Trainee: 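For reference, the structure I am asking about is given below.
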Amino acid sequence: MLDRDELRAFVQRLPKAELHVHLEGTLEPELAFRIAERNGIVPPFPDVDTARAAYEFQDLQSFLQVYYAMTSVLRTEQDFFDLAWAYLARSASENVRHVELFFDPQAHLGRGVPFGIFAPGILVALEDAEQQLGITSRLIMCFLRDQPPEDALKVLRTAHLYRDRIAGVGLDSAEVGYPPALFKEVFAEAASYGMHRVAHAGEEGPAEYVSGALDDLGAERIDHGVRCLEDPALVERLVRERVPLTVCPLSNVRLRVVPSMAEHPLKRMMDAGLMVTVNSDDPAYLGGYLVDNYVEAAIALGLSRDDLVVLAENSFRASFLDDASKALHLEAVRLAASL
Ligand code: HPA
Ligand code: ZN
């Protein structure tokens, strides 16, 4: 058994990809307060400490309320650049080599911040990070499933100027009561533009939403998906079709999807033959960044070095990188693991 420091050093050294992280969920309170001040906005909390103390969530909904409130400080292209840059720099320092980053256009459009403000801010940060930090990325535009599908379709069409810079579409926000089938037409249109498709499913929602994301949306990956274990036939299908699941251990504990890290199904999912990856979801709110997620899960679940290597390998296998890039990253993981 490795102790915590050895584990952390090992995970830090492994090249990794992050495939499930919400840009807006990387907004640390310090940056939010700096941005609020320069925009002349009153922030949703009186100070940083009060904000952090409020990050105590009962469920997904109670988190989303705070997440959307904090997001409201973002107004200018520079704000979005600074937000994306801070996350990418932090990730590069954790030896994250590739990121597939979610963003929520409706969280900004609904406040009167247009695509022409947030998209360039994010895209320039991604380009700069690739040039200066060597971290590659893809952008995934998420639709808010608790908003009308007609809105999502409008957003998809509004995004046409940026479509060649947006790799795919996703589905997030409040899950229960909003089955994937609602977004069938939206995802079909996105597919017709050659965009990748992913969807949050089986976080708070039932296993049927996972099947629905595959069948109704053509999802190539499932975000979370932990509740698939409630349906053995679904697990068998996910294994057979090698559908990647982007699991977020610390998020699941903080949002009470699971009672504790010791009871997290990550290891059981790996043992069932599922293609599982580890991710941070909303690291500024939910207890940690990517290395923290690997380390906390490894300690609580007794993951071996080999398990950690499989998780790092899966992160590249499940990515939307081309095969040649995947092969290079997989080689780098094996090299780092052998040191
Ligand atoms: N689940 C659903 N929607 C979200 C999340 C999440 O974990 N984070 C940001 N939007
Ligand atoms: Zn998420």
Side-chain angles (χ1 to χ4, degrees), residues 17-28 32 55-72 74 83-84 87 91 99-110 118 122 138-147 151-152 155 168-180 182-183 196-206 209-210 212-213 217 219-228 244-258 264 266 276-290 292-293 315 318:
E18 173 143 73
L19 307 179
H20 182 163
V21 56
H22 302 262
L23 173 67
E24 296 84 354
T26 71
L27 179 56
E28 292 287 347
Y55 293 178
E56 182 65 57
F57 307 112
Q58 276 62 57
D59 53 17
L60 176 59
Q61 193 57 45
S62 64
F63 157 68
L64 288 171
Q65 262 159 27
V66 173
Y67 167 94
Y68 292 124
M70 291 291 278
T71 293
S72 70
L74 303 166
L83 176 61
Y87 164 72
S91 294
V99 169
E100 302 192 351
L101 184 63
F102 295 137
F103 71 115
D104 286 334
Q106 286 154 293
H108 313 303
L109 294 168
F118 55 80
I122 300 167
R138 300 279 187 276
L139 205 48
I140 299 178
M141 176 167 81
C142 283
F143 304 116
L144 305 185
R145 68 201 307 156
D146 50 356
Q147 302 294 316
D151 264 32
V155 171
V169 294
L171 196 60
D172 66 3
S173 201
E175 184 182 1
V176 175
Y178 303 98
L182 292 169
F183 294 86
H196 286 292
R197 284 148 291 155
V198 301
H200 282 55
E203 180 187 17
E204 284 192 347
Y209 285 18
V210 175
L217 306 182
E220 298 157 73
R221 282 198 308 245
I222 299 296
D223 296 312
H224 294 294
V226 289
R227 288 194 60 193
C228 74
L245 306 174
T246 63
V247 174
C248 306
L250 283 169
S251 166
N252 292 157
V253 175
R254 288 296 185 103
L255 300 184
R256 307 192 190 190
V257 169
V258 299
H264 195 284
L266 177 72
V276 187
T277 68
V278 164
N279 306 272
S280 72
D281 207 2
D282 300 284
Y285 295 92
L286 302 178
Y289 285 78
L290 192 57
D292 302 314
N293 271 275
S315 73

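Whatever order the structure lists them in is the order used to number ligands and atoms, beginning at 1. Every heavy atom of this structure was used, including side-chain atoms; hydrogens, water molecules and symmetry mates were not. No experiment lies behind these values; they were computed from the predicted model shown.
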Trainee: Against ligand 1, does S173 come closer than 4.0 Å with any heavy atom?
Mentor: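 Within the 4.0 Å threshold, so yes.
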
Trainee: Please report whether ligand 1 has a polar contact with S251, defined as an N or O pair separated by less than 3.5 Å (distance criterion only).
Mentor: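 Checking ligand 1 against S251, no N or O pair falls under 3.5 Å apart.
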
Trainee: Just need the protein heavy atom nearest to atom 7 (O) of ligand 1, so name the residue and atom and give the distance.
Mentor: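 I find the closest protein heavy atom is D281 OD2, 2.7 Å.
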
Trainee: Indicate yes or no: does E175 engage R227 in a salt bridge with an N to O separation below 4.0 Å.
Mentor: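 Here E175 does not pair with R227 in a salt bridge, since their nearest N and O are not under 4.0 Å apart.
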
Trainee: Is any N or O atom of D282, backbone or side chain, closer than 3.5 Å to an N or O atom of ligand 1?
Mentor: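 Between D282 and ligand 1 (N or O atoms, distance only) the closest approach is under 3.5 Å.
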
Trainee: Between the side chains of S173 and Y178, does any donor sit under 3.5 Å from an acceptor?
Mentor: no

Trainee: Taking the inter-plane angle between the rings of F57 and Y285 on a 0 to 90° scale, is it parallel (under 30°), tilted (30 to 60°) or perpendicular (over 60°)?
Mentor: tilted

Trainee: Should the ring pair H200 and H22 be called parallel, tilted or perpendicular, given that the plane angle runs from 0 to 90° and is split at 30 and 60?
Mentor: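 The arrangement is tilted - the two ring planes meet at 30° to 60°.
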
Trainee: Quick check for you: to the nearest 0.5 Å, what is the distance between L171 atom CG and D146 atom CG?
Mentor: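 Atom-to-atom, L171:CG and D146:CG are 9.5 Å apart.
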
Trainee: Find the distance between CZ (R256) and CG (D59) and round it off to the nearest 0.5 Å.
Mentor: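 Reported value, rounded in 0.5 Å steps: 8.5 Å.
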
Trainee: Only heavy atoms of H224, strictly under 4.0 Å: list the atoms of ligand 1 that pass.
Mentor: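 Heavy-atom distances to H224 below 4.0 Å select 7 (O).
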
Trainee: Tell me, please: is L64 in heavy-atom contact with ligand 1, that is, under 4.0 Å?
Mentor: yes

Trainee: Using a 4.0 Å heavy-atom cut-off, which part of F63 comes near ligand 1: side chain, backbone, both, or neither?
Mentor: side chain

Trainee: Can you pull out the closest protein heavy atom to atom 5 (C) of ligand 1? Residue, atom name and distance to 0.1 Å, please.
Mentor: H22 NE2, 3.5 Å

Trainee: Looking at the Zn ion (ligand 2), is one of the N, O or S atoms of H22 less than 2.8 Å from it?
Mentor: yes

Trainee: Go through ligand 1 atom by atom and flag the ones less than 4.0 Å from a non-hydrogen atom of E203.
Mentor: 1 (N), 2 (C), 6 (C), 7 (O)

Trainee: Out of the N/O/S atoms in D281, what is the name of the one closest to the Zn ion (ligand 2)?
Mentor: OD1

Trainee: Counting backbone and side chain alike, does H200 bring an N/O/S atom below 2.8 Å of the Zn ion (ligand 2)?
Mentor: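 So H200 counts as coordinating the Zn ion (ligand 2), yes.
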
Trainee: If you round to the nearest 0.5 Å, how far is CZ of F103 from NE2 of H108?
Mentor: 8.0 Å

Trainee: Restricting to non-hydrogen atoms, name the atom on T26 and the atom on V21 that form the minimum distance, rounded to 0.1 Å.
Mentor: CG2-CG2, 3.8 Å

